[in-house]
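This chain uses plain numbering: 1 for the first residue, then up along the sequence.
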Amino acid sequence: MSAEDLERYETEQELALYREYRDVVGLFSHVVETERRFYLCNDVDVLVRGEGAEVFFDVRMNDAWVWDVYRPARFVKKVRVLTFKDVNVEELPAREMEMPEA
């Protein structure tokens with residue numbers, strides 16, 4: 001396999017992942033970003049653990065979708081992330097049901 005073939009394959013995989021994201025984002029209520037992954041989920045709880053300078057985050061998610069091009073199954077029932085890095089949690093705006101045009 002040439003470098004060009006590998007690059008084309010990676011580009012196709014990333015495009016397929018983006019299309020999957022676009023198709024599933026409406027199923028979820030929250031976006032969670034960690035230093036290593038991007039998640040969509042319907043239930044998230046962030047707990048601050050430790051004391052003083054030794055603080056870390058314990059992030060727990062249910063019914064999640066993981067943005068990871070190398071992962072064969074991106075839907076996950078439960079996810080737990082332990083991290084010393086920043087965690088960003090956003091609530092997605094509620095989508096109104098769209099009626100198809102006639």
Side-chain heavy atoms nearer than 4.5 Å, only ILVMFWY residues, links allowed to pass through others: does that put V59 and V48 together?
yes
If you count the non-hydrogen atoms of other residues, nucleotides and ligands that lie under 6.0 Å from CD in E4, is the total more than 12?
no
Residues passing the side-chain contact (heavy atoms from CB on, under 4.5 Å) test with D86, sequence neighbours excluded, are none
Listed partners of F56 passing ring-ring contact (aromatic ring centres under 6.0 Å, His included), at least two apart
F84
Give, for atom CZ of R71 and atom CZ of R37, the distance between the pair rounded to the nearest 0.5 Å.
7.5 Å
Backbone of S29 reached by a side-chain donor or acceptor of N42 within 3.5 Å:
yes
Once you round to the nearest 0.5 Å, how far does NE2 of H30 lie from CG of N62?
12.0 Å
For R49, what residues pass the salt bridge (charged side-chain N to carboxylate O under 4.0 Å, His left out) criterion, not counting sequence neighbours?
D58
Hphob cluster co-occupancy, L15 + L6, side-chain heavy atoms under 4.5 angstrom
no
Can you tell me if CZ on R36 sees more than 12 non-hydrogen neighbours from other groups inside 6.0 Å?
no
Sequence neighbours excluded, the answer for salt bridge (charged side-chain N to carboxylate O under 4.0 Å, His left out) partners of D5 is R8
Using a side-chain heavy atom cutoff under 4.5 Å and only I, L, V, M, F, W and Y, what cluster partners does W67 have?
L17, Y18, Y21, V24, V25, L27, F28, V31, F38, L40, W65, V69, Y70, F75, L92
E20: what forms a salt bridge (charged side-chain N to carboxylate O under 4.0 Å, His left out) with it, not counting sequence neighbours?
R74
Start with the C-alpha distance between V89 and V46, add both sets of side-chain angles, then the distance that settles side chain to side chain contact (heavy atoms under 4.5 Å, CB included), and finish with yes or no.
CA-CA 9 Å; V89 178; V46 180; 3.7 Å; yes
Between T34 and V87 (side chain of the first, backbone of the second, donor and acceptor by atom type, cut-off under 3.5 Å), is there such a pair?
no
Are the side chains of C41 and V32 in contact, using a 4.5 Å heavy-atom criterion?
yes
